[in-house]
Amino acid sequence: MRFIVANWKSGMNATQIVAFQDQWNQKSLTWDEDVRVVIAPPDPHYVAFYNDACAGVYPCLQHISALTGAAHTGSITPETISDCLPSYTILGHSERRREYGEDNRQVLAQAQILWQLQIEPIICVDADTFADMFAQIEAFDPHLQHQCLFAYEPAGAIGTGHNLDPQELDHIIGDFRRHHGDFFPVLYGGSVTPDNAASYAPYCDGLLVGGASRQADSFYQIIHNFIASDQT
Ligand code: PGA
C-alpha cells in the first residue's frame with residue numbers, strides 16, 4: 001500500500017477549498033487500489049470536506065484530543081466526530097510538538113482514542129522521537145504497531161525548501177527497519193514538490209505533503225510522479 005497525504009495545516013479557507021475541489025474533480029483520477037490519497041483540511045472545514053469530499057480521497061483530521069466528553073472547549077473528541085469519522089488522523093506533527101508542547105506520551109494517549117474508533121493514526125516523528133515513539137507503542141500493546149503509519153519528517157525540512165536527501169532517508173528508514181521490522185508503513189514529509197516526489201518512491205511507503213498539496217495541480221502531479229516512479 002502507498003499513501004500520499006496532504007496536510008493543509010491552517011492554510012486553506014473555505015473559498016480555496018471549494019476551488020481545489022472543483023479543479024480536483026475535473027481531473028481523470030486513476031490509480032491502483034493500493035494507492036491511498038488522503039487529505040487533512042483545517043478543522044473548521046473538515047465536515048464540509050467530509051460531506052463533499054474530493055473524488056477518491058480519504059478524509060483525515062490534523063489532530064485529535066486525548067480527552068473524551070462534551071466539555072472541552074476548542075477540542076476535537078470522539079463525540080465531535082462520531083458521525084463523520086475520518087479514515088486517518090495526523091498526530092504529533094512537529095508544529096504541534098513545538099507550538100503546543102505535545103510529546104510522545106500525549107501522542108500515545110491520542111492514538112489510543114483513535115484505535116478505539118478504528119482510525120489509523122499517521123504519527124509524525126523525527127530522528128529524536130522515532131525510536132521512543134515506537135517503543136512506547138510496543139510497551140502499550142505491540143499489536144497496535146500494526147495499526148499505525150509513521151511519517152518521518154526532519155524539522156529542518158518542513159516548509160523550508162530543504163528536502164531530505166533521498167539516500168539519507170533510505171539510510172534512516174533502512175536502519176530503523178533492520179532493528180524493528182518492516183511491517184509498518186513509513187512516509188516521508190518535508191518540502192516535497194512535484195520535482196522531488198519521485199526520488200523518494202524507492203525508499204518509503206508514501207509522502208506527507210504540506211505547502212505543495214494546497215494546489216490541485218501540484219498535489220496531483222506529486223501523486224502521479226511518486227506512483228509512476230514506483231512502478232518503473
Ligand atoms: P511541507 O510540510 O511539505 O510544507 O514542508 C510538510 C509537513 O509539515 O507535513
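Counting starts at 1 for both ligands and their atoms, in listed order. Values below: all heavy atoms of this structure, side chains included; hydrogens, waters and symmetry mates excluded. Since this is a predicted model, take the numbers as computed values, not measurements.
By the 4.0 Å heavy-atom criterion, Ala157 is counted among the residues contacting ligand 1. Contact analysis leaves Ala212 out of contact with ligand 1, as no non-hydrogen atom separation drops below 4.0 angstrom. Ligand 1 lies less than 4.0 angstrom from a heavy atom belonging to Ser191.
Shown in contact with Gly190 at under 4.0 Å from a heavy atom are these atoms of ligand 1, numbered in order with element: 5 (O). Against a heavy-atom cut-off of under 4.0 Å, Gly211 is close to the following atoms of ligand 1: 1 (P), 3 (O), 4 (O). Residue Lys9 has at least one heavy-atom neighbour below 4.0 Å for each of these atoms of ligand 1: 2 (O), 7 (C), 8 (O). Atoms of ligand 1 found under 4.0 Å from any heavy atom of Leu208 (numbered from 1 in listed order, with element): 9 (O). Interface atoms of ligand 1 facing His93, defined by a heavy-atom separation under 4.0 Å, are 7 (C), 8 (O), 9 (O). Each of the following atoms of ligand 1 lies closer than 4.0 Å to a heavy atom of Gly159: 1 (P), 4 (O), 5 (O).
Remark: His180 NE2 is packed, more than 12 non-hydrogen atoms of other residues, nucleotides or ligands lying under 6.0 Å away. Shown here is Glu99, whose CD atom has more than 12 heavy atoms of other residues, nucleotides or ligands within 6.0 Å.
Protein heavy atom at the shortest distance from atom 3 (O) of ligand 1 is Gly210 N, 2.8 Å. For atom 9 (O) of ligand 1, the closest heavy atom belonging to the protein is Glu153 OE2, 2.6 Å.
The aromatic rings of Trp24 and Phe20 sit parallel to each other, their planes meeting at less than 30°, with 60° as the upper class boundary. Ring planes of Phe130 and Phe184: perpendicular class, angle over 60° (limits at 30 and 60°). Classified by interplanar angle (parallel below 30°, tilted 30° to 60°, perpendicular above 60°), the ring pair His146/Phe183 is parallel.
Remark: the Asn7 side chain and the Arg214 side chain contain no N/O donor-acceptor pair separated by less than 3.5 Å.
Checked against a 3.5 angstrom limit, the closest N/O atoms of Ile158 and ligand 1 fall outside it.
Remark: Arg177 engages Asp205 in a salt bridge, criterion side-chain N to carboxylate O under 4.0 Å.
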Pair Arg97-Asp126, salt bridge (charged side-chain N to carboxylate O under 4.0 Å, His left out): steps then yes or no: CA-CA 11 Å; Arg97 290 176 186 268; Asp126 64 11; over 6 Å; no
